[in-house]
Amino acid sequence: MSSGSPNSKEKETSAITHRQKFEGHTGSILGAIHLPGGQRIITCSWDGSLRVWNVKSGKQIGDDWRDGDGGVWSIALSPDGKKVVSGSMDGAVRLWDIDTCKVVKKWTGHTWGVESVCWSRDGRRVLSGSRDGTARQWEVESGETIENIIASIETGHEEVFAVVYSPDTTFIATSGWDGWGEHSVKIWDAKTGKLVATLKGHTHAVLCLAWTKDGKTLISGSSDFTIRTWNTTNWQQTAVLVEHTRGVYGIAISPNDHILASVSGDKTARLWNLDNGQPICSPIQHADDVTCVSFSAGGKRLVTGCDDKNAYMWDVAVILREAGLDDLLSDPKVS
């Protein structure tokens with residue numbers, strides 16, 4: 001916005017300033033999630049640590065969580081909000097207890113770094129995707145990989161960058177680096193490990209995936225600068241969102257399925273209206289590449305992680321109000 005724009009526009013610009021900054025990591029932040037209650041977030045970083053932060057003060061709570069030396073590339077919160085799973089450069093998948101800040105299980109099998117982790121909705125399984133080209137499922141209670149049901153999925157991606165369960169855990173979606181040329185998102189039967197569909201359209205590595213809560217739409221973000229939406233009934237592409245000017249590193253969908261947040265190597269985060277595929281506001285500027293993003297449980301706050309080693313909290317409710325789109329937050333399904 002130009003400085004000479006009307007007051008209402010100036011207000012919109014001033015609204016897109018971070019509500020909180022979380023400073024302390026010594027490497028790029030690669031994952032950030034909100035904890036139940038809305039008072040704390042957890043981040044993970046190239047520096048090999050997970051850290052818990054007070055949302056109100058921006059200060060770190062307690063010591064770093066550490067286990068092993070390599071960078072922690074991905075984290076995901078359990079459906080009951082009591083555990084966190086992390087994927088690391090050393091190829092291990094670790095289960096952490098939030099109350100004790102300790103590793104309670106460590107699953108090994110991947111032969112290279114774990115770029116992506118995801119919980120099944122019932123909390124019984126964890127899915128991991130690795131640069132070794134495989135996706136693996138782990139039984140949380142027994143602590144074993146589900147080898148007795150299916151072998152790990154040899155995805156055909158040279159490296160797996162993203163994995164996600166469908167909301168009903170029927171399907172697994174995977175994506176990554178497929179070599180030069182066309183890149184695909186692949187859909188697998190979660191029980192049998194058989195390939196169900198191959199979604200073609202992206203022209204470079206597919207870095208992130210997200211499934212809407214209603215299961216009807218799968219969304220992918222890529223190094224080709226685009227975000228694509230897919231109809232999960234027929235696996236056809238339904239839209240291409242083109243605003244980012246560098247690769248899309250992370251995406252998150254609001255709890256009511258109305259808003260998409262995306263972050264990019266163009267040093268911005270963007271909010272999209274999923275009802276019409278249009279941007280909601282001007283780009284949310286950062287000092288460096290933005291690597292990860294997540295919504296709070298109510299959808300009113302957004303946290304982003306950045307290559308400047310900091311995480312930032314943004315007030316989605318204020319941004320929507322300034323854009324005249326308050327109704328995108330209102331949904332009886334969302335607390």
If you apply the rule side chain to side chain contact (heavy atoms under 4.5 Å, CB included), what do you find for Thr232 with Trp211, and how did you get there? CA-CA 9 Å; Thr232 61; Trp211 220 298; 3.7 Å; yes
Residues Val248, Leu207; criterion side chain to side chain contact (heavy atoms under 4.5 Å, CB included); working and verdict: CA-CA 7 Å; Val248 180; Leu207 306 176; 6.0 Å; no
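- Counted by atom type alone, His157 and Thr174 present one or more donor-acceptor pairs between their side chains at under 3.5 Å.
- Remark: Asn231 CG to Gln236 CD distance equals 8.0 Å, nearest 0.5 Å.
- Between the side chains of Ser184 and His202, not a single donor N or O lies within less than 3.5 Å of an accepting N or O.
- Counted by atom type alone, Trp314 and Thr304 present one or more donor-acceptor pairs between their side chains at under 3.5 Å.
- The backbone N or O of Asp224 sits nowhere less than 3.5 Å from a side-chain atom of Thr203 that would complete a donor-acceptor pair.
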Could you go through the side chain to side chain contact (heavy atoms under 4.5 Å, CB included) check for Leu328 and Ile280 one step at a time? CA-CA 10 Å; Leu328 286 181; Ile280 285 170; 3.7 Å; yes
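- Listed for the Gln20 side chain is a donor-acceptor partner under 3.5 Å among the backbone atoms of Lys56.
- Ile259 is listed as a side-chain neighbour of Phe295, based on a closest heavy-atom distance under 4.5 Å.
- Scanning both residues, Ile98 and Gly81, for their nearest heavy atoms gives CD1-O, 3.4 Å.
- Closest approach of Gly68 and Arg94 over heavy atoms only: CA-NH2, 4.3 Å.
- In this structure the side chain of Val85 never reaches within 4.5 angstrom of the side chain of Ile75, judged on heavy atoms.
- Cation-pi geometry between Arg131 and Trp73 is met: under 6.0 angstrom from the ring centre, within 45 degrees of the axis.
- By the 6.0 Å contact criterion, CZ on Arg66 is enclosed, its count of non-hydrogen atoms from other residues, nucleotides or ligands being greater than 12.
- Note: Tyr312 OH to Thr17 OG1 = 12.5 Å, rounded to the nearest 0.5 Å.
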Test salt bridge (charged side-chain N to carboxylate O under 4.0 Å, His left out) on Arg270 and Asp266; report intermediate values, then the result. CA-CA 11 Å; Arg270 284 185 173 270; Asp266 64 13; 5.1 Å; no
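- Note on Ile253: it clusters hydrophobically with Leu241, by side-chain heavy-atom contacts below 4.5 Å among ILVMFWY residues.
- Residues Leu127 and Arg125 fail the side-chain proximity criterion, which asks for heavy atoms closer than 4.5 Å.
- In this structure a side-chain-to-backbone donor-acceptor pair under 3.5 Å is missing from Asn54 to Ile61.
- With rounding to the nearest 0.5 Å, the separation of OG1 in Thr229 from NZ in Lys216 is 14.5 Å.
- Across all non-hydrogen atoms, the minimal contact from Val240 to Arg228 is CG2-NH1, 3.8 Å.
- Ser78 places a side-chain N or O within donor-acceptor distance of the main-chain N or O of Lys82, the cut-off being under 3.5 Å.
- Between Leu271 and Leu302, the closest side-chain pair of non-hydrogen atoms falls below 4.5 Å.
- Inspection of the Thr238 and Trp230 side chains reveals no N or O donor paired with an N or O acceptor under 3.5 Å.
- Under a cut-off of 6.0 angstrom, the local environment of CG in Asp69 is sparse, with at most 12 non-hydrogen atoms contributed by other residues, nucleotides or ligands.
- A single hydrophobic cluster is not seen to contain both Leu325 and Trp272; linkage of ILVMFWY side chains at heavy-atom distances under 4.5 Å, directly or through other members, places them apart.
- In summary, the side chains of His286 and Asp308 do not present any donor paired with an acceptor at a separation below 3.5 Å, with no hydrogens or angles considered.
- Sorted by first and then second residue, the salt bridge (charged side-chain N to carboxylate O under 4.0 Å, His left out) pairs with a member in residues 26-54 read Asp47-Arg51, Arg51-Asp64; sequence neighbours excluded.
- Using modelled atom types and a 3.5 Å distance limit, the side chains of Trp96 and Ser86 yield a donor-acceptor pair.
- Using a distance-only test at 3.5 Å, with no hydrogens or angles considered, a donor-acceptor pair links the side chain of Ser294 to the main chain of Ala32.
- Between the side chain of Asp307 and the backbone N or O of Thr291 there is no donor-acceptor pair closer than 3.5 Å.
- Counting only distance, with no hydrogens or angles, the side chain of Ser116 and the backbone of Ala162 share no donor-acceptor pair below 3.5 Å.
- No more than 12 heavy atoms of other residues, nucleotides or ligands shown are found within 6.0 angstrom of CG on Asp63.
- Under the 3.5 Å distance criterion, with hydrogens and angles disregarded, a donor-acceptor pair is assigned to the side chains of Tyr165 and Gln137.
- In this structure, CG in Asn310 is found 10.5 Å from OG in Ser45, a value given to the nearest 0.5 Å.
- In this structure the side chain of Thr134 reaches within 4.5 angstrom of the side chain of His110, judged on heavy atoms.
- Hydrophobic clustering (side-chain heavy atoms under 4.5 Å, transitive across Ile, Leu, Val, Met, Phe, Trp, Tyr) keeps Val164 apart from Val126.
- Of all heavy-atom pairs between Gly247 and Ser264, the closest is O-OG, 2.9 Å.
- Looking at Val117 and Val114, their side chains come closer than 4.5 Å, going by heavy atoms from C-beta outward.
- Residues Glu159 and Trp112 have side chains in contact (heavy-atom distance under 4.5 Å, counting atoms from C-beta outward).
- Nearest approach of His258 to Asn256, heavy atoms of both residues: N-OD1, 3.0 Å.
- By the 4.5 Å heavy-atom criterion applied to side chains, Val263 and Thr268 are not counted as neighbours.
- By the 30° and 60° cut-offs, the orientation of the rings of His183 relative to His204 is parallel.
- A salt bridge between Lys102 and Asp97 is absent, with no side-chain N of the basic residue lying under 4.0 Å from a carboxylate O of the acidic one.
- The main-chain N or O of Thr155 is found under 3.5 Å from a side-chain atom of Lys186 such that the two form a donor-acceptor pair.
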Mind running side chain to side chain contact (heavy atoms under 4.5 Å, CB included) on Ile42 and Val84 for me, showing each step along the way? CA-CA 9 Å; Ile42 295 184; Val84 168; 3.8 Å; yes
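- The distance from the OG1 atom of Thr233 to the CH2 atom of Trp235 is 8.5 Å, given to the nearest 0.5 Å.
- Each of Leu195, Asp189, Ile172 was evaluated against Ile153; a single residue qualifies, Ile172, per the side chain to side chain contact (heavy atoms under 4.5 Å, CB included) test.
- For Trp119 against Val140, the heavy-atom pair with the smallest separation is CZ3-CG2, 3.7 Å.
- Looking only at atom types and distance, the side chain of His25 has a donor-acceptor partner in the side chain of Thr43 under 3.5 Å away.
- In this structure, OG1 on Thr217 lies 7.5 Å from CG on Asp257, to the nearest 0.5 angstrom.
- Note on Trp177 and Phe225: separate hydrophobic clusters, where clusters join Ile, Leu, Val, Met, Phe, Trp and Tyr whose side-chain heavy atoms are under 4.5 Å apart, directly or indirectly.
- Counting only distance, with no hydrogens or angles, the side chain of Ser222 and the backbone of Ala205 share a donor-acceptor pair below 3.5 Å.
- No path of Ile, Leu, Val, Met, Phe, Trp and Tyr side chains, each step under 4.5 Å between heavy atoms, connects Leu199 with Phe161, placing them in separate hydrophobic clusters.
- Between the side chain of Ser120 and the main chain of Thr169, no donor-acceptor pair closer than 3.5 Å is present.
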